[in-house]
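Side chains are part of it too, since the values below use all heavy atoms of this structure and drop only hydrogens, waters and symmetry mates. Worth saying up front: this structure is predicted, and the values here are computed from it rather than measured. Order of appearance sets the numbers: ligands from 1, and atoms from 1 within every ligand.
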Amino acid sequence: MENLNELAKRGALEGGGNRRLAMSDEDGAGRDYVVSRMKALGLKVVIDRVGNVVATRPGRMDGPPVMTGSHVDTVGTGGIYDGALGVLAGLEVVETLNDHDVATDHPIAVAFFSNEEGVRFTPDMMGSQVFAGTVGVPEALDAIGFDGTRYGDELERIGYAGDAECGVREVRSFLELHIEQGPVLDSSGIDIGVVEGVQGLSWTEWSLEGVANHAGTTPMEARHDAGYGAAEITSFARRMAREMGGRQVATVGVIDLHPNLINVVAETARVTVDLRNTDDLALADAETRMTEFVKEMATEEGLKYSRRTLARFAPVPFAPPMVDLIEAKARGRGSSTHRMPSGAGHDAQMLAAICPTAMIFVPSRDGISHNVNEFTEPRQIEAGANVLLDAMLELSGADSTVLDGP
Ligand SMILES: [Zn+2]
């Protein structure tokens, strides 16, 4: 808790919460704090070319490490737990092993991945994607932020342009402790979410083009109203998700009208559609239904339309033995558990492509996250960190008796 509160001082917002946009001065300050903790624990710190930081504690054998970690960047008005918890809990595991002189067969590593949030630079989870080899280094370095800055330049400016190669590192297994960021655990009073995988995501931007015209004189049947089109897409998204059922969710988060005036029929609309599902076939079906709907609706209203894919991730199932391990360790500590998918994207879903991976969720009060009021109780954090500790002890082949105690 002390470390969480200390990190929260970097990029602190008045009245609580954090703003550490990727590669900003605040992100740099947060990184510096975490790296200083890593070094104080005697870890070997390696920074790669996109700024991912991996700190390693040697094992009795060489070879790939059992890794844990998350991210330290935040959204513009973020809480103090999202990402930070997973990184600092990993360091807490190391500190516990150090305090008790526990040796492990395999090395243990704690990592934080660059630009997880994707607020300033896209794509999100950029660092872990490069780490896992799904996004190239040049593509990441050349990403242009909403403020016109270049990722690679900003990375260098804050001192985190490392020289370790990306996408070459072997990892034995990966665990990420994270707040749920949703209401399931909090509302059911459950301690630990055993995450079975991450749902798939499809982000599309629709651009509609009609004709700007006088709101008073243009007959209803003569209108080509982009605002109407945007509203139709929004209500179809809701209708479709309800109809499909299962784990399908659909959100229109942005409607941008032009000229956006009270007495003018909107000429253009930019509409974003966020579709998610744990089932890839169902997700593809939702995409098709949406596309067909827009086509039909736009034709009827006399609108031109175009679509642009902003992001597309297939659902990621985690490794069943890793998921079972989390569940067993949580129950071993007397915690209540619930198996669930993750509704949000996480670095772990990228790591899942290169090694056996799982996630541990702890409750978010009222399901609130990406918000300065994000809160998880210290005892819930302790429960999650203990599951992480026990799982890492087993995965790394620790002398299991050392930490047995009351
Ligand atoms: Zn996060």
Side-chain angles (χ1 to χ4, degrees), residues 3-4 7-8 10-11 13 17-24 26-27 30-31 33-34 50-53 67-92 110-132 174-186 192-193 195 197-201 203 274 276 311 313 316 318 340-352 357-376 380-381 384-385 388:
N3 292 334
L4 266 172
L7 175 54
R10 279 70 180 177
L13 294 170
N18 279 139
R19 179 185 177 86
R20 288 192 302 271
L21 297 182
M23 304 309 135
S24 62
E26 293 78 16
D27 186 25
R31 287 165 164 264
Y33 171 69
V34 174
V50 298
N52 295 320
V53 174
M67 188 184 276
T68 187
S70 193
H71 60 99
V72 297
D73 67 319
T74 72
V75 295
T77 51
I80 71 168
Y81 305 93
D82 178 359
L85 172 61
V87 179
L88 295 174
L91 293 181
E92 197 68 29
V110 180
F112 61 84
F113 299 99
S114 300
N115 187 32
E116 193 274 343
E117 295 292 2
V119 173
R120 188 178 181 204
F121 301 96
T122 53
D124 57 355
M125 297 173 275
M126 184 197 271
S128 50
Q129 290 201 70
V130 177
F131 191 89
F174 183 79
L175 288 174
E176 182 172 1
L177 170 64
H178 205 283
I179 56 169
E180 182 200 335
Q181 305 183 281
V184 174
L185 297 175
D186 184 52
I192 298 292
V195 187
V198 178
Q199 65 183 357
L201 170 153
W203 282 1
D274 174 321
R276 304 186 196 209
F313 296 116
V316 178
F318 289 145
M340 60 192 298
S342 170
H346 294 290
D347 293 314
Q349 78 192 71
M350 302 307 164
L351 273 290
T357 295
M359 289 188 77
I360 306 160
F361 274 174
V362 289
S364 297
R365 188 175 64 193
D366 298 330
I368 289 174
S369 183
H370 283 185
N371 183 311
V372 299
N373 294 318
E374 198 175 85
F375 182 74
T376 302
Q380 296 171 323
I381 285 176
L388 179 67

Student: Does either side chain, that of Ser114 or that of Arg31, offer a donor lying less than 3.5 Å from an acceptor on the other one?
Tutor: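 The answer is yes; a qualifying pair exists.
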Student: Pick from Leu91, Asn3, Val53: which one makes a side-chain contact (heavy atoms from CB on, under 4.5 Å) with Val34?
Tutor: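 Answer to the side-chain contact (heavy atoms from CB on, under 4.5 Å) test with Val34 among Leu91, Asn3, Val53: Leu91.
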Student: Under 2.8 Å from the Zn ion (ligand 1), which protein N, O or S atoms do you find? Ignore water molecules.
Tutor: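 Listed by chain and number, the atoms are His71 NE2, Asp82 OD1, His178 NE2.
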Student: Does the side chain of His71 come under 3.5 Å of the side chain of Asn115 through a donor N or O and an acceptor N or O?
Tutor: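 Absent: no donor and acceptor within the cut-off.
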Student: Of the non-hydrogen atoms in Ser369 and Glu374, which two are nearest, and what is the gap between them?
Tutor: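 Distance-wise, the nearest heavy atoms are OG-OE2, 2.8 Å.
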Student: Do Ser364 and Gln181 meet the criterion of a side-chain donor-acceptor pair at a distance under 3.5 Å?
Tutor: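 Looking only at side-chain atoms, Gln181 and Ser364 do not form any donor-acceptor pair under 3.5 Å.
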Student: Report the distance from atom CG of Asp347 to atom CE of Met359, rounding to the nearest 0.5 Å.
Tutor: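 Here the interatomic distance stands at 8.5 Å.
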